[in-house]
Amino acid sequence: MTADTTAYKTEGPGAAARRGGGPARPPRRRPASSTRRPGWTPWLYLLPALVLLGGLLVYPIYQLGLISFLEYTQAQVSGGEPTTFQGFGNYATLFGDSQFWQVLLATVLFAAACVVATLLVGCALAVLLTRVRALPRLALMMAALGAWATPAITGSTVWVFLFDPDFGPVNKVLGLGDFSWTYGRYSAFALVLLEVLWCSFPFVMVTVYAGIRAIPTEVLEAASLDGASQWRTWRSVTAPMLRPILVVVTIQSIIWDFKVFTQIYVMTNGGGIAGQNLVLNVYAYQKAFASSQYSLGSAIGVVMLVILLAVTLVYLRLMRRQGEEL
């Protein structure tokens with residue numbers, strides 16, 4: 001083996017040229033245009049959507065926040081009195097009202113009950129879908145999607161008829177006579193909870209079912225061969241692998257159930273007897289439109305916006321971390 005060959009292997013190409021004083025060939029570089037970032041190009045594609053969102057979302061939120069800092073009642077709307085700046089006076093009035101805190105507590109408890117019930121029923125039916133034959137699975141999926149696609153006002157009206165004390169078939173089947181479900185506070189909330197559950201569980205069921213189908217069958221078969229029961233398989237194998245999906249559907253359900261309006265308003269006739277079934281959305285509607293206190297109604301809306309914004313930020317953060325351990 002010659003010396004040049006040895007130098008080529010040990011020192012690499014161009015070593016002989018460097019020893020001989022010849023200029024070494026510079027390494028090739030990629031054109032600057034190939035490594036340059038796209039810059040403003042993505043924003044140009046997003047511009048129409050941003051303009052639409054700005055008109056339909058940003059401006060109404062701005063108006064909502066502005067009115068919450070003003071004295072804005074029917075007198076100001078009609079032009080009889082000038083609009084005055086109140087600062088945080090509306091919020092002080094709102095936070096000093098004991099009814100607001102009662103309604104807020106009722107909203108949180110009601111939303112929590114709806115979320116828990118929706119997750120339990122949705123997850124149970126998702127597991128059931130994986131264990132039944134094709135025809136029953138198709139029938140259950142079609143029935144669930146039909147409930148999901150039904151408008152809230154239509155579903156609420158149907159449920160009011162089903163539980164009507166005079167003409168509803170539920171009382172006749174259960175032998176309850178003329179029992180009024182909407183008269184008592186807790187029975188009315190329970191009735192609304194059932195309707196919310198009926199129209200909300202399909203989202204959880206379909207999402208969790210898709211997640212279960214994505215789990216490798218080898219993992220479930222290994223758990224079965226180890227003698228794990230169905231409950232132990234769900235608790236120790238399936239649920240941990242579905243954790244990102246369960247977190248997302250939980251936060252999504254919290255957002256939906258916290259701002260329930262149609263079901264409460266329709267089924268309890270505007271919040272129940274003496275406002276016993278009020279939630280924040282209905283409470284804001286009554287303050288703004290029934291009492292013509294638009295500034296207080298706007299303040300309630302801002303409080304709800306802040307609460308839901310905090311939940312949404314958590315939701316977006318978890319969406320970004322779906323590929324990581326939660």
Side-chain angles (χ1 to χ4, degrees), residues 46 49 107-152 155 192-260 262-263 307-326:
L46 292 174
T107 304
V108 172
L109 295 178
F110 176 74
C114 290
V115 170
V116 172
T118 302
L119 291 177
L120 290 178
V121 174
C123 291
L125 291 178
V127 175
L128 178 63
L129 287 176
T130 62
R131 302 184 182 277
V132 297
R133 296 182 180 272
L135 187 59
R137 180 168 62 247
L138 178 61
L140 180 56
M141 291 281 282
M142 294 300 294
L145 292 178
W148 194 13
T150 303
V192 177
L193 186 148
L194 290 176
E195 202 280 333
V196 173
L197 171 63
W198 174 75
C199 64
S200 300
F201 83 86
F203 169 74
V204 178
M205 182 190 74
V206 172
T207 307
V208 175
Y209 172 71
I212 294 176
R213 299 297 295 179
I215 296 177
T217 56
E218 295 81 3
V219 177
L220 301 178
E221 290 176 356
S224 177
L225 292 176
D226 288 341
S229 61
Q230 294 182 1
W231 167 247
R232 181 62 183 272
T233 301
W234 166 263
R235 184 170 60 89
S236 302
V237 179
T238 307
M241 299 186 71
L242 292 177
R243 187 175 181 183
I245 294 178
L246 294 176
V247 169
V248 169
V249 297
T250 299
I251 296 179
Q252 188 70 59
S253 299
I254 292 173
I255 295 174
W256 286 346
D257 296 336
F258 190 82
K259 60 184 184 66
V260 166
T262 305
Q263 292 88 340
I307 295 174
L308 292 179
L309 182 61
V311 177
T312 303
L313 291 177
V314 175
Y315 169 72
L316 294 176
R317 182 181 179 184
L318 294 178
M319 284 287 290
R320 295 182 59 184
R321 295 178 55 192
Q322 275 193 18
E324 304 175 4
E325 184 181 357
L326 296 178

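In what follows, residues are counted from 1 in the order of the sequence shown. Remember, predicted model here, so these are calculated numbers, not experimental data.
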Spatial distance of atom [atom1] ([X]) from atom [atom2] ([Y]) [nearest 0.5 Å]:
| X | Y | atom1 | atom2 | value |
| --- | --- | --- | --- | --- |
| Cys199 | Leu194 | SG | CG | 11.0 Å |
| Glu195 | Thr150 | CD | OG1 | 9.0 Å |
| Leu313 | Leu308 | CG | CG | 11.0 Å |
| Trp231 | Thr238 | CH2 | OG1 | 10.5 Å |
| Thr312 | Ile255 | OG1 | CD1 | 3.5 Å |

Under 3.5 Å, side-chain donor or acceptor atoms of residues 139-148 against the rest of the protein: list the pairs with distances, not counting sequence neighbours.
none

Using side-chain heavy atoms (C-beta onward) and a distance below 4.5 Å, is [X] in contact with [Y]?
| X | Y | value |
| --- | --- | --- |
| Asp257 | Ser200 | yes |
| Val192 | Phe110 | yes |
| Cys123 | Leu246 | yes |

Only pairs under 3.5 Å count here: list side-chain donor-acceptor contacts from residues 208-220, not counting sequence neighbours, and write none if there are none.
none

Qualifying ring-ring contact (aromatic ring centres under 6.0 Å, His included) pairs with a residue from residues 115-141, counting only residues at least two apart or across chains: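 Every candidate ring-ring contact (aromatic ring centres under 6.0 Å, His included) pair involving residues 115-141 fails, so no pair, neighbours aside, qualifies.
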
Selection residues 115-147 - residue pairs positive for ring-ring contact (aromatic ring centres under 6.0 Å, His included), sequence neighbours left out: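 Of all non-adjacent pairs touching residues 115-147, none passes ring-ring contact (aromatic ring centres under 6.0 Å, His included).
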
Shortest non-hydrogen contact between Val204 and Gly122, atoms and distance: CG1-CA, 3.9 Å

For the student: nearest non-hydrogen atoms of Leu242 and Trp234, plus distance: CD1-CZ3, 3.9 Å

All side chain to side chain donor-acceptor pair (under 3.5 Å) counterparts of Arg235, not counting sequence neighbours: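 Per chain and number, Arg235 pairs via side chain to side chain donor-acceptor pair (under 3.5 Å) with no residue.
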
Residues which pass side-chain contact (heavy atoms from CB on, under 4.5 Å) with [X], listed by chain and number, not counting sequence neighbours:
| X | answer |
| --- | --- |
| Thr250 | Val115, Leu119, Ile254 |
| Arg133 | Pro136 |
| Thr107 | Val103, Phe258, Val279, Leu280 |
| Pro240 | none |

Phe201 and its side-chain contact (heavy atoms from CB on, under 4.5 Å) partner, picked from Val121, Leu120, Val206: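 Exactly one candidate clears the test, Val121.
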
